[in-house]
Amino acid sequence: MRTRSGIRRIDRIVWSLATVFLAHAAVAAVPPAQAAKPTAYAEECGACHTAYPTRLLRPADWAVVLASLDRHFGVDASLDSTTRAAVATQLGVDPAVSSAATAKAAPRITQQGWFREEHDEVSAQQFRSPAVRSAANCNACHAGADRDQFDEHSVRIPR
Amino acid sequence: MFRKALLAATVLLAAPALTDTPESLMRGYAEQARTTSASYAGPSPAAGRRLFHQQPRDWSCATCHTDQPTATGRHAITGKAIGPLSPVANPERLRDAAKVEKWFKRNCSDTLGRPCTPAEKADLIAFLLGAREGA
């Protein structure tokens, strides 16, 4: 009897260790992108351009952007209503109100006063250069833009 | 018991995230095409290639995805890098029906100025599946 219960105990320990090992293996097998699922805003808006920090426009302006996604600065960026509502919530926009704002022209971050001031030493030619292409391409000069890093000292304007 | 545990572990580790494949999506669109036309001949990679380069307005598919769907593209307006469109070069592509529909809706509207038909979608997927890297 003693021997059998001893075996059972060892058995239990081995199985506990195996379970812990497998649980770790399962967690390790999940790629980081899945472990930290990007938000609807980061995933949808970040597919075509830097997922601009949401503070760069006011919720009322985001509401206009969301209401006109089917003609978003010259391209069709439409979303199904469920996804659009998820993005709206992240932008501080009431999903129910956003469709009321369709008549207005969508505001551009690059036309805001602070943006022009911060970039007044960058020429139109530099913004249009092949490596940059557009003022919307934050990453061309701000390598950490996707991580909301816009520190002036780390700016590198490509030539 | 050991076998059961091994089986459970295998299932746990190998479970695929999504059930759609490029082939299943292509078959789905082909079936839709067949319901509207009895003479539908099935997906055509050659027709897909023609559609990929067709440019009735400002842009074709190739404008952002390059002439080579296995290559990394670049957004025509924002300049952001776009991973290869062909599943041959990018296994993440064409694995989610809703995502595929979202992009067909947007991009057919931006390039052709109209929605793509199910037959055209099947043709495009056939073309992307037949793309050869570096060719």
At a 4.5 Å cut-off on heavy atoms, which part of Ile77(B) comes close to chain A: side chain, backbone, both, or neither?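 It is both, since atoms from each part get that close.
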Which atoms of Lys105(B) come close to chain A, meaning under 4.5 Å heavy atom to heavy atom: side chain ones, backbone ones, both, or neither?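 The answer is both parts of Lys105(B).
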Less than 4.5 Å apart, any side-chain heavy atom of [X] and any of [Y]?
| X | Y | value |
| --- | --- | --- |
| Gln126(A) | Val132(A) | no |
| Leu124(B) | Phe104(B) | yes |
| His142(A) | Ser154(A) | no |

Under 4.5 Å heavy-atom distance to chain B, tell me which part of Ala131(A) shows up: side chain, backbone, both or neither.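 The answer is the backbone of Ala131(A).
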Measure Asn137(A) against the heavy atoms of chain B and call it side chain, backbone, both or neither at under 4.5 Å.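 Both parts, backbone and side chain.
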Ionic contact status for Lys121(B) with Glu101(B), cut-off 4.0 Å: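 Yes, Glu101(B) and Lys121(B) are salt-bridged.
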Looking at chain B, which one of Ser78(A), Ala47(A), Ser134(A), Ala140(A) has the largest number of heavy-atom pairs inside 4.5 Å, strictly under?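 Between Ser78(A), Ala47(A), Ser134(A), Ala140(A), the count favours Ser78(A).
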Checking Asp80(A) against Thr83(A): is there a side-chain donor and acceptor pair closer than 3.5 Å?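 Side chains of Thr83(A) and Asp80(A): pair found under 3.5 Å.
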